[in-house]
Every structure is written in C-alpha cells, then in structure tokens.
Amino acid sequence: MAISEGGLLTDEIRCLVWPRLLNVSTEELPPPPGPELRVNNKDYEQVLLDVRRSLRRFPPGMPLKEREDLQEQLIDIILQVLARNPQLHYYQGYHDIVVTFLLVVGGPLATLLVDKLSTHHLRDFMDPSMDNTKHILNYLMPIIELVNPGLHDFMVRAEVGTIFALSWLITWFGHVLSDFRHVVRLYDFFLACHPLMPIYFAAVIVLHRESEVMECECDMASVHHLLSQIPQDLPYETLISKAGDLFVQFPPSELSREAALQHQAERTAVSTFKDFELASTQQRPDMVLRRRFRDSVRPENRNKAVLTKPRTNRLVKLAVMGLTVALGAAALAVVKSALEWAPKFELQIFP
C-alpha cells in the first residue's frame, strides 16, 4: 500500500503501519520525560528556536493551547531522541520531520519511530559534519544525466549545483510542501523504501520541470531561484511512480562511481540499513515495482513511458526498494546489490 497509488490513505492506518515499516514494537511506549531533560541541554535553545518558528507546520485554525501543547511535545521528542543517541547531532530541519510523526501518531509513539528513523534513514544528516549529506546530494546530477542529458548539461553550464535540494532532502520535503496530505503521502513512500529514495524523488521533480528550467537564463541565480521554489500542484502519484521506476533502473550501486570521488561507505545510512534489513518470506511488495516497470517498457507502452536513454543490460541489473521485516512484521525485501551503493571514496562536492 505504501508504495502503491494513494499510499496508506488515513492516519489511522499509518498508526498501525508506520511502526511495522520501521520494525518498532508498540507494546511499551515511553513515559513522558521529566523537566530534567531540558536542564543544561546543549541542544535545547536551538530546538526551542526552531520549534517556535514551525507554526506553518501545524494545521490552520488549530486552537492556540493545542498547538502550544504540541510544540512542547515536539521539543521533548527531539531532546529524548538525542539523549538516547549521543552520537547523533541535531540539525535545523530535523524538527520538520519530527512534527510530521507527532501530528500523525502522537507523542509517545512518535518518540519511538523518530528514534529508529534517526539511527537509520536519517543517520547521515545527523553527523557532526555535512560530508555524508553532501554525498547523498551528489547522486542527484547523475540520475538527471541518465534520464535527460540535455537538462543535465544545461544545469552544469548554469553551475547551479545541488544545494537547492538540501532542504528537500533533510526534511523529507516537509519544510517545502504546504499541504500536509502531500507530506504524509511522501512519508508513506519513503518509509517503505531504501534510504536514498528521497534523492530519486528530488531528481524526478527536477526532470518534471524541464521546460521551466530550460526557459531560464543559464546562470546559477536564475536556475537556483526557480528550483528552490517547489510548485504545490505537482502530480505526486505520477512522480512517486517514476521515482520508483528510476530506482529500479538505476540503483545506487550503479551510480556510486559517478556520484562520489572519495567516500567512506561504512559511515552512511545504508551501512546501518544493512543491519536494519531482514528479507520477508511472506510478502514481496518489491514485485509491485518490478511489474510496474515491466508494463512501462512493453512495446505498446514504450512511446508513452520512456524514462531514460538506453543502457546496455539495464534490465538484467534491476535492484528494488527495500525495507525490513522482523518479529513477524512483513515489509519490503531488499536486493543486496541496491545496498552496496557507496564506494570508499571521500566527497568533493562543493569546490
């Protein structure tokens, strides 16, 4: 359901399914934290400032008292996760992800889910430096080049780089989309996928806006300004489907040489994702992507659904989106090759 059209449909279903996608037990919810959590906390002041600026993330018309209570819970969730995981470092934008979980599943369960998410899917963003975040951003242009070389070359000439997509990536688009329905729909998709799926979705947005980009002046300021403003009327289901297809066609393992000059793979989220992954023998939702992609490349559909320029033996090397199943919770199976995506190179993204 999470990767198919419409996603999980309701928050009631998400309350049941999101914990399973993240392999989190809901039997023992954490108690509310005490006031000592905020005392002498090195992150408290920054978290407080960010949460106070997050008014637009709450539903319009929400009573002031209810919103203030939720903001207090938001602060506590963030500080609890950081206290439990001292290796993690808070970053601005993290609260945009946490507030989504808070609004959907409530405080106690949100704490558990965000804790798991922070040590897996979001792990790279919570390092002391931005090296791993830059590495993930560095996958954007190779994907665009494979699909639309002309658009890629235009962006290279404009020297726009990838920084326009930074807030998309580190907030899972929560900071840039105004309609909460679209945000949770993307979260359904991302939670059921490989940790790099958000960068594939970012690439699909850029590709979708090809005509707008190509009409810009070919300079950094013009292209950056255009791309940093996401239209609110995007065809989300179509883009989600295309992002899944691109992941199948061009798995991270095949993009790694183009995406990085030097990097340490063992420090990235995918290395922890290997520990996170358990294959399901009961259900193989990855077949949804495989079937969708096969249908798109049948002769009768070929003219309608050309995504990329031809690549030799591409279909032989299909890799699929993955998630876990454990303790009887069936989720997505992961193809091993899709996990071996980052060579031991160190990045040089921003000269």
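Since we're looking at a predicted model, the values are computed, not measured.
- A donor-acceptor pair under 3.5 Å is formed between the side chain of K116 and the backbone N or O of N23.
- Below 30°, between 30° and 60°, or above 60°: for F190 and Y187 the angle between ring planes is between 30° and 60°, a tilted geometry.
- With respect to R38 and E72, a salt bridge is recorded, a charged nitrogen being found less than 4.0 Å from a carboxylate O.
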Can you check side chain to side chain contact (heavy atoms under 4.5 Å, CB included) on F164 and V206, steps first, answer last?
CA-CA 11 Å; F164 65 85; V206 177; 3.8 Å; yes
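- By the 6.0 Å contact criterion, NE2 on H225 is open, its count of non-hydrogen atoms from other residues, nucleotides or ligands being 12 or less.
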Where do D11 and R14 land on the salt bridge (charged side-chain N to carboxylate O under 4.0 Å, His left out) test, with the steps shown first?
CA-CA 5 Å; D11 287 351; R14 292 183 178 100; 3.1 Å; yes
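- The shortest heavy-atom contact between L113 and L22 is O-CD1, 3.8 Å.
- In this structure a side-chain-to-backbone donor-acceptor pair under 3.5 Å is present from E237 to G6.
- Here the side chain of S241 pairs no donor or acceptor atom with the backbone of T238 at under 3.5 angstrom.
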Does the pair L234 and I230 meet the rule for a side chain to side chain contact (heavy atoms under 4.5 Å, CB included), with working shown?
CA-CA 8 Å; L234 292 171; I230 292 187; 3.6 Å; yes
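- The structure places CE of M1 at 4.5 Å from CG of L9, a figure rounded to the nearest 0.5 Å.
- Here the side chain of R209 pairs a donor or acceptor atom with the backbone of L226 at under 3.5 angstrom.
- Remark: aromatic rings of F201 and F173 are close, center separation under 6.0 Å.
- Counting only distance, with no hydrogens or angles, the side chain of Q73 and the backbone of L102 share no donor-acceptor pair below 3.5 Å.
- A heavy-atom distance below 4.5 Å is found between the side chains of P30 and R84.
- Hydrophobic cluster membership is shared by M214 and V204, with clusters built from Ile, Leu, Val, Met, Phe, Trp and Tyr side chains linked at under 4.5 angstrom.
- In this structure the side chain of D96 never reaches within 4.5 angstrom of the side chain of T100, judged on heavy atoms.
- I77 and A110 get closest at one heavy-atom pair: CD1-CB, 3.9 Å.
- A 4.5 Å side-chain heavy-atom check between L37 and D76 finds at least one atom pair inside the cut-off.
- At most 12 heavy atoms of other shown residues, nucleotides or ligands fall within 6.0 angstrom of atom CD in E217.
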Worked verdict on V184 versus L8 for side chain to side chain contact (heavy atoms under 4.5 Å, CB included)
CA-CA 9 Å; V184 295; L8 297 176; over 6 Å; no
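- The hydrophobic cluster containing L49 does not contain V51, counting ILVMFWY residues as joined when their side-chain heavy atoms lie under 4.5 angstrom apart, directly or transitively.
- Both F180 and L74 belong to a common hydrophobic cluster when Ile, Leu, Val, Met, Phe, Trp and Tyr are linked at side-chain heavy-atom distances under 4.5 angstrom.
- Identified under the salt bridge (charged side-chain N to carboxylate O under 4.0 Å, His left out) test for residues 150-176, with sequence neighbours left out: none.
- For the pair L207 and L246, the minimum side-chain heavy-atom distance is below 4.5 Å.
- Hydrophobic cluster membership differs between M220 and M141, with clusters built from Ile, Leu, Val, Met, Phe, Trp and Tyr side chains linked at under 4.5 angstrom.
- In this structure, C15 and L109 approach most closely via the heavy-atom pair O-CD2, 4.0 Å.
- Residues forming a ring pair (Phe, Tyr, Trp, His ring centres under 6.0 Å) with F58 (at least two apart in sequence, or on another chain): none.
- Without hydrogens or angle criteria, D179 side chain to R181 main chain gives a donor-acceptor distance under 3.5 Å.
- Residues Y94 and T171 have side chains that never bring a donor and an acceptor to within less than 3.5 angstrom of each other.
- Panel note: side chain N85, backbone L88; no donor-acceptor pair is recorded below 3.5 Å.
- Side-chain atoms of Q46 and D50 include a donor-acceptor pair closer than 3.5 Å.
- I3 and A192 get closest at one heavy-atom pair: CG2-CB, 3.8 Å.
- Closest approach of L112 to S25, counting heavy atoms only: CD1-O, 3.6 Å.
- Side chains of D188 and W18: a donor-acceptor N/O pair is present below 3.5 angstrom, by distance only.
- Within the 6.0 Å centre-distance limit, the rings of F247 and H194 are counted as a close aromatic pair.
- The line from CZ of R57 to NE2 of H175 is 9.0 Å long, rounded to the nearest 0.5 Å.
- Every residue meeting the ring pair (Phe, Tyr, Trp, His ring centres under 6.0 Å) condition with H182, not counting sequence neighbours, appears here in chain and number order: Y236.
- Note: T111 OG1 to I78 CD1 = 10.0 Å, rounded to the nearest 0.5 Å.
- Annotation for E28: atom CD does not count as buried by contact number, only 12 or fewer foreign heavy atoms lying within 6.0 Å.
- The 12-atom threshold is exceeded at CZ of R56, counting heavy atoms of other residues, nucleotides or ligands nearer than 6.0 Å.
- Note: the hydrophobic cluster containing L55 does not contain L103 (ILVMFWY, side chain heavy atoms under 4.5 Å, direct or indirect links).
- A heavy-atom distance below 4.5 Å is not found between the side chains of D131 and H135.
- Judged by distance alone, the side chain of Q87 and the main-chain N or O of M126 form no donor-acceptor pair under 3.5 Å.
- A distance-only check finds no donor-acceptor pair linking the side chain of Y200 to the backbone of K242 [under 3.5 Å].
- Side-chain contact check for I136 versus F125: some heavy-atom pair is nearer than 4.5 Å.
- Distance check: K42 NZ to Y90 OH gives 11.5 Å after rounding to the nearest 0.5 Å.
- Counting only heavy atoms from C-beta outward, the side chains of E212 and L227 never approach each other to under 4.5 Å.
- Looking at V99 and Q71, their side chains never come closer than 4.5 Å, going by heavy atoms from C-beta outward.
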Before giving the answer on side chain to side chain donor-acceptor pair (under 3.5 Å), spell out for E210 and N148 the whole-Å C-alpha distance, their side-chain angles and the decisive distance to 0.1 Å.
CA-CA 9 Å; E210 174 195 4; N148 191 327; 3.1 Å; yes
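- For the atom pair CG of L186 and CG of L177, the computed distance is 6.0 Å after rounding to the nearest 0.5 Å.
- The CD atom of Q80 sits 12.5 Å away from atom CD1 of I75, with the distance rounded to the nearest 0.5 Å.
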Apply side chain to side chain contact (heavy atoms under 4.5 Å, CB included) to V147 and H152, showing your working.
CA-CA 9 Å; V147 180; H152 170 269; over 6 Å; no
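- In terms of heavy-atom proximity, P128 sits nearest to H89 at CG-NE2, 3.4 Å.
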